[in-house]
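Reckoned from all heavy atoms, side chains included, excluding hydrogens, waters and symmetry mates. Source: prediction; values computed, not measured. Position 1 is the first residue of the sequence; numbering continues from there.
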Amino acid sequence: MNDTHKPRKAYHALLIAIAAAFALIAAACGDDGDDTADTAPATTAAPETTAAPETTAAPEPAAEAPKMAIIYSAEWNDGSWGEAAFDGGNKLLADGTISDVVMVENVPPGAEAERALRDFAEQGYNPIVAHSFNYGDNVKTVGAEFPDTIFAYAGGFGDVAGNVGDYDQPFYEASYLSGILGAGATDGGNVAGAGGFEIPVCVGMYHAYLAGARELRPETEGSFVAVGDWIDVQLAKEAALSQADAGATMFVGCGQGPTFGQIEAANDIGGVSTGYVGDMAALGESVLSSFVWRLDRVFEQMVADVAAGQTEARYYSVPLANGGMDVLISPGGEAKISQEALDLFDQRLSEIQDGSFAVPFVGEN
């Protein structure tokens, strides 16, 4: 079972409307912990709307190449967290690094997730990826039953034990660079940070953005809001508007709901915002920059361990310096940014890539 077709991009311009109407049905770092679903996930490839093309230029993988499985709590074509995993898995298939990839979307954490993970393990899929923060307990439960299979979930804080691993989300590095750009495109004002919950990955993104902005404007202040939900765009927007009332002009979100809500707020007030995990330039004039997560490079590490016969997982990490992320300035964005900020952006990016500058990580408020 495989799918080498990338999701269509036409939906990007409509994402905000869809998000507000349906509350996004899922989250960037997982859902809000609901353990129930109307139907059990089918252990099939990506949904019918992303059917594989009749022909493909992918090379023939070696017969002994690992076959990979991925589950996700939302839909693949979300323009962000899910699409990064979808594209990553299919790139490995197209490159011949894996012999098969099976993906299931709309899998809530809990019993449904454990059934899907167990089914994949019984079919010989290895590695098996649970692409949500909230799958941690499920992965550990099923992983104990299949000690020779490598499982990994998106914890983002080094939660590794035996054959169950975690994978890094070094988003703070890109966020630092976005903070430089944000300060260079605004005359003043503070930083508004938001996440679904107050977890290290999200708090780290906010503090890194603030530190980047302070390189240009040392007096810049900021605030971080844990919305309490990865899904609710309207709730996130209301929180962002409250931050705007307190002087925020620059917005950085962690998680889809918080990010989309902040983008809407920034669009309304004329501030600047940041795209999260995917290119969100189409979502409004406020989106000054975005970062794209190259999950194929993270998945490659897992597959390499399986191919080498390893059964011990690890903390899989590909930082910005190793090509784990791409930072994109939105079309027309450079015209809004001061030359001083653009020069500093280029300088810091180069220094991160050559190792001479390390972005500070502050995972707690």
Side-chain angles (χ1 to χ4, degrees), residues 6 9 12 28-29 70 78-92 129 131-133 152 154-158 166-182 193 195 199-213 251-256 258-259 262-263 273-281 283 287-302 315-331 333 342 344-363:
K6 291 179 65 175
K9 304 295 183 181
H12 279 291
C29 293
I70 311 172
D78 59 7
S80 184
W81 184 271
E83 188 173 331
F86 184 94
D87 288 351
N90 279 314
K91 186 175 189 307
L92 297 193
V129 177
H131 190 51
S132 167
F133 180 88
F157 58 99
D166 183 6
Y167 47 104
D168 191 15
Q169 299 153 48
F171 305 156
Y172 70 100
E173 295 178 312
S175 190
Y176 189 93
L177 296 171
S178 295
I180 292 173
L181 298 175
I199 62 174
V201 169
C202 294
V203 175
M205 282 187 64
Y206 157 69
H207 281 296
Y209 189 105
L210 179 60
F251 298 81
V252 56
C254 176
Q256 287 178 350
T259 299
Q262 285 205 322
I263 289 173
S273 60
T274 307
Y276 170 81
V277 176
D279 184 356
M280 296 184 176
L283 299 185
V287 183
L288 189 67
S289 65
S290 301
F291 71 90
V292 177
W293 194 13
R294 290 292 309 278
L295 265 174
D296 57 298
R297 302 196 173 182
V298 180
F299 293 163
E300 278 177 345
Q301 294 182 337
M302 304 174 191
Y315 190 42
Y316 300 99
S317 177
V318 184
L320 190 153
N322 294 338
M325 289 175 292
D326 297 320
V327 181
L328 310 176
I329 298 176
S330 298
L342 290 172
L344 182 58
F345 171 88
D346 289 339
Q347 176 187 339
R348 290 291 184 238
L349 175 58
S350 177
E351 290 170 346
I352 292 169
Q353 290 172 333
D354 68 21
S356 60
F357 178 77
V359 176
F361 178 79
V362 181

Is a side-chain donor-acceptor pair under 3.5 Å present for Ser178 with Thr274?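 No, no side-chain donor-acceptor contact under 3.5 Å.
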[X]: which residues meet the side chain to side chain donor-acceptor pair (under 3.5 Å) condition with it, sequence neighbours left out?
X	answer
Thr259	none
Ser273	Ser286
Ser290	none

For Trp293 and Trp81, take the angle between the two ring planes, folded into 0 to 90°, and tell me which bin it lands in: parallel under 30, tilted 30 to 60, perpendicular over 60.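 Answer is tilted, since the angle falls between 30° and 60°.
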With a cut-off of under 6.0 Å to the ring centre and 45° to the axis, is Arg348 in cation-pi contact with Phe357?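 The answer is yes; both the distance and angle limits are met.
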Pairwise distance CD(Gln169) to CZ(Phe157) - rounded to 0.5 angstrom: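 CZ of Phe157 is found 10.0 Å from CD of Gln169.
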Kindly indicate, with the supporting measurements, whether the criterion side-chain hydrogen bond (donor to acceptor under 3.5 Å, both in side chains) is fulfilled by Tyr316 and Asp168. CA-CA 6 Å; Tyr316 300 99; Asp168 191 15; over 6 Å; no
Can the ring centroids of Tyr209 and Tyr172 be said to lie less than 6.0 angstrom from one another?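 Tyr209 vs Tyr172: aromatic centres not under 6.0 Å.
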Check for a donor-acceptor pair, side chain of [X] on one end and backbone N or O of [Y] on the other, with a separation under 3.5 Å.
X	Y	value
Gln301	Ser317	yes
Ser356	Ile352	no
Glu83	Asp78	no
Gln262	Val252	yes
Asp166	Gly158	yes

Run the side-chain contact (heavy atoms from CB on, under 4.5 Å) test on Leu349 and Leu177 for me, step by step, so that the C-alpha distance in whole Å, both residues' side-chain angles and the decisive distance to 0.1 Å come before the verdict. CA-CA 7 Å; Leu349 175 58; Leu177 296 171; 3.9 Å; yes
Does any non-hydrogen side-chain atom of Val318 lie less than 4.5 Å from one of Arg294?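 Answer no - side chains too far apart.
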Please name the residue in the list Cys254, Pro258, Ser175 that meets the side-chain contact (heavy atoms from CB on, under 4.5 Å) test with Tyr276.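 Only match with Tyr276 under side-chain contact (heavy atoms from CB on, under 4.5 Å): Cys254.
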